[in-house]
Amino acid sequence: MVPPGGTPHIADRADPPDSGTMRVFRGPRRARAREGRPDRISGAAREPGAARRAGAARESGAVRMPTAVRALLGALPGLAAVAALFLCANGVERAADADADAVPAAADRYAAPRPDIVPRSVWLGDAARAQPAPRYDDKVVAVFVHHTDTPNGYDCADVPAILRGVYQGQTGARDWDDIGYNFVVDRCGTVYEGRAGGIDRPVTGAHTQGFNHRTTGIAALGTYTAGVPVPHELTDAIAAVAAWKLGETSTDPRARVALVSSNGLSRFAAGATARLPAVAGHDDGYATSCPGAALSARLGDIRDTAARLQGRV
């Protein structure tokens, strides 16, 4: 069973539940304010011969200094050493705090802005079915690109109705708990929220057999087999979503990442670690013709555009 106008190229069985963990964002560490620094000791007080000259003057009868003053003068070299040690340690701590402050900036260096996204409530309306709570991973390190294998000649104003058809095919005929894709992009470049759970969170999808964990599924609405024109608006929007989601983990869209196959129905044995593109086609992880030869040929451009959106050279 397939969505209206579609073919069976998505996972036929959900992956096992994960740990349910999710990433916690913390604000940057701030340097602690320091108060009560000791006053500098004057150069005259630090003069090593001062106590000796005072003693010589006393013995000659010229001056007789109180005992407390003499004790203080004798202790001054030690106090100067303690003060110097404090100032040195204080400087080391300040340098360490400066390094710590630089860590969040480095982690955010390749963050990309979130594109405009149409929420699922806009296209789904009252067609939503009862479903279990969403599942989450700890992070997203790769995206899989798909096509929905539905007709191309649509008016972009009709996309909400088309998405309802895809949703009803997957949750009705195929008995899935929700639409499998995390995001859907139309030929006009509009991005739609797909699977429920929150667009800013690492929602576990149901889009790529064996590789639904730590990944996001982005589907191009239409069919992009060999010879079919692929609109730039479509590929630019896919790149924008990829740059944003991968930027949260500073993942280079042009890199390869390690993903563990969750079952043997993928191209890899269950438990095997695969080195796959951070922006991969569905057929990189599963034996399928999705996302179509024409869209697959554009994946290199999508990776390069996503990298530029992250500020990479």
Under 3.5 Å: donor-acceptor pair, side chain of [X], backbone of [Y]:
| X | Y | result |
| --- | --- | --- |
| T171 | D177 | no |
| H147 | P291 | yes |
| R135 | T204 | no |
| T305 | D236 | no |
| T208 | H282 | no |
| N212 | H207 | yes |
| Y192 | D186 | no |
| D175 | G172 | no |
| D283 | A287 | no |
| N263 | L265 | yes |

- Query: Which is it for V143 and T215 under the side chain to side chain contact (heavy atoms under 4.5 Å, CB included) test, yes or no, and what are the steps along the way?
  - Reply: CA-CA 5 Å; V143 301; T215 66; over 6 Å; no

Test of understanding: clusters of I, L, V, M, F, W, Y form through side-chain heavy atoms closer than 4.5 Å, transitively. Do [X] and [Y] belong to the same one?
| X | Y | answer |
| --- | --- | --- |
| L124 | V166 | yes |
| V191 | L309 | no |
| V159 | V122 | yes |
| V145 | V228 | yes |

Hey, could you give me the [atom1]/[atom2] distance between [X] and [Y], rounded to the nearest 0.5 Å?
| X | Y | atom1 | atom2 | answer |
| --- | --- | --- | --- | --- |
| S121 | D126 | OG | CG | 12.0 Å |
| T148 | Q170 | OG1 | CD | 9.5 Å |
| I199 | N182 | CD1 | CG | 11.5 Å |
| Y224 | T235 | OH | OG1 | 10.0 Å |
| D158 | L163 | CG | CG | 11.0 Å |
| Q168 | I179 | CD | CD1 | 10.5 Å |

Using every non-hydrogen atom in the two residues, find where [X] and [Y] come nearest and quote the distance to one decimal.
| X | Y | answer |
| --- | --- | --- |
| S266 | S261 | OG-OG, 2.8 Å |
| V260 | F211 | C-CE2, 3.9 Å |
| G222 | N152 | CA-OD1, 3.1 Å |
| R298 | V230 | NH1-O, 3.1 Å |
| A242 | A306 | CB-CB, 4.4 Å |
| L299 | A280 | CD1-C, 4.2 Å |

- Query: Strictly by modelled atom types, are T223 and T225 linked by a side-chain donor-acceptor pair under 3.5 Å?
  - Reply: no

- Would you say the side-chain atoms of R312 and Q310 include a donor-acceptor pair closer than 3.5 Å? yes

- Any pair counted as disulfide bond (SG atoms under 2.5 Å apart), so long as it reaches residues 171-289, sequence neighbours left out: C156-C188

- Item | disulfide bond (SG atoms under 2.5 Å apart) partners of residues 198-232, not counting sequence neighbours, each pair once | none

- List the steps, then state whether side chain to side chain contact (heavy atoms under 4.5 Å, CB included) holds for R195 with Y181. CA-CA 6 Å; R195 196 168 183 84; Y181 314 115; over 6 Å; no

- Message: Suppose we screen for side chain to side chain donor-acceptor pair (under 3.5 Å). Which residues come up paired with R214, at least two apart in sequence or across chains?
- Response: D138

- For R267, check side chain to side chain donor-acceptor pair (under 3.5 Å) against everything at least two apart and list the hits. none

- Query: Among all residues two or more places apart in sequence or in another chain, which pass the ring pair (Phe, Tyr, Trp, His ring centres under 6.0 Å) test with F183?
  - Reply: W244

- Message: What verdict does the side chain to side chain contact (heavy atoms under 4.5 Å, CB included) test give for Y167 and W123, after you've listed the backbone C-alpha separation in whole Å, the side-chain angles of each residue and the deciding distance to 0.1 Å?
- Response: CA-CA 10 Å; Y167 171 85; W123 61 265; 3.8 Å; yes

- Which pairs with one or both residues in residues 113-123 pass salt bridge (Lys or Arg N to Asp or Glu O under 4.0 Å), sequence neighbours excluded? R114-D200, R120-D178

- Task: Give the intermediate values and the outcome of side chain to side chain contact (heavy atoms under 4.5 Å, CB included) for residues Y110 and L246.
- Result: CA-CA 9 Å; Y110 296 118; L246 296 178; over 6 Å; no

